[in-house]
Amino acid sequence: MSRSEDMIIQYLNEAHATELALVSTLRAHIAMTPQGSYRSLLDEHLDVTRRQADRLERRLAELGVGRSLIQSGVGAFQSLLGQVLALGKGPIDLLRGGGGEEKLLKNAKDECATEALEIATYDALEQVAIELADEVTAELAAEHRTQEEEMLAALREEIPRLARDAVAAEVYGRKAYDSSEVGAVHAAQEAAESASRAASGLAGEAAEQAGQAARKVTGTAKETAKEARRVPGVEAAEGEARGAVASEGDLPIADYDSLNAGEIVERLPRLSQVELGQVDAYERRHGNRKTILQKIDSLQGDAPWAGYDEQSADEIESRVRDADDDEARKVRDYERRHKARKGVLEAAERAVATS
Ligand SMILES: [Fe+2]
């Protein structure tokens with residue numbers, strides 16, 4: 001391969017890797033976006049982005065780059081982009097807080113930044129191709145850039161409305177939508193995956209930074225993740241996200257590393273679903289002991305209602321008094337397996353008997 005082809009391939013590869021990284025970012029954003037004009041825009045651009053990736057791949061193939069080489073080029077570049085995109089938007093976003101409305105606004109701003117990066121990437125690719133007399137690639141770059149410019153303009157049109165919604169929610173308490181309806185589980189899972197990738201795949205320094213950032217927000221995490229917690233499964237995912245970057249001091253069990261498996265198993269029932277997820281992720285990265293992982297598995301499952309794990313016995317007892325049969329049974333069964341507080345169990349039994 002000539003030096004000029006090499007250079008074009010390098011720039012094509014970069015554009016291709018950027019598009020692939022954007023596919024996963026868009027999927028995560030779509031999962032937390034309610035139906036409406038902004039959601040439609042993201043849906044459409046996901047299709048566009050996939051087609052762009054395909055087209056770049058075909059052009060690389062025409063230039064004699066085999067699939068395996070395209071993929072390996074992607075790997076290196078994606079881990080770099082991952083630090084910017086996935087790490088910037090993943091677990092840390094999830095924990096940092098702000099309502100769903102603010103999250104959407106932040107997503108839209110990040111998407112604008114990504115589009116600007118893509119536009120510049122295609123500017124460079126086009127000019128490199130022109131200089132090296134590769135008209136086909138130059139044309140492809142120009143077409144893709146037009147699509148990115150359209151997306152950037154459309155995103156910017158959405159931002160004033162998203163900002164108004166954020167003010168209405170944060171300042172005046174008027175929610176524009178219920179985030180439990182828009183796939184927060186999926187978003188949390190994506191976040192957990194990003195966190196695991198960050199913890200396992202990145203160089204030590206980046207993982208350490210992620211860890212520090214995650215630890216910094218732990219204090220506010222309880223408050224801020226409540227929105228998402230209304231959805232089944234989201235607590236475990238949030239815990240996994242935190243555990244993937246946790247160090248011993250962050251764990252809900254003191255002196256974790258110096259306890260034996262039996263001592264840890266004994267303490268697990270007192271933990272919330274989020275904490276179980278956190279210990280699970282930590283244990284998998286360290287001792288990976290079967291007895292602990294199995295016990296966590298047996299304790300994992302949705303609490304009777306969102307926020308149950310954080311409530312006091314009094315709060316639960318007063319709600320369970322008016323609970324229907326189904327909810328009272330859920331409380332009884334869950335409480336038996338977890339904290340087994342006497343007052344809660346008695347209140348639940350009474351509610352089951354009378355409903
Ligand atoms: Fe694109």
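One-based numbering, in listed order, for ligands and for the atoms of each.
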Restricting to N/O/S atoms, is E19 within less than 2.8 Å of the Fe ion (ligand 1) or not? yes
Between Y11 and E126, a side-chain donor and acceptor under 3.5 Å: no
Electrostatic pair D54-R50, nearest N-O below 4.0 angstrom: no
Hey, is there an N, O or S on Q52 sitting under 2.8 Å from the Fe ion (ligand 1)? yes
Going through the distances and angles, do K342 and E346 end up as a salt bridge (charged side-chain N to carboxylate O under 4.0 Å, His left out)? CA-CA 6 Å; K342 200 162 163 265; E346 282 170 4; 3.6 Å; yes
With a 3.5 Å cut-off and no angle check, do the side chains of H144 and E19 form a donor-acceptor pair? no
Which atom of E148 approaches the Fe ion (ligand 1) most closely (N/O/S): OE2
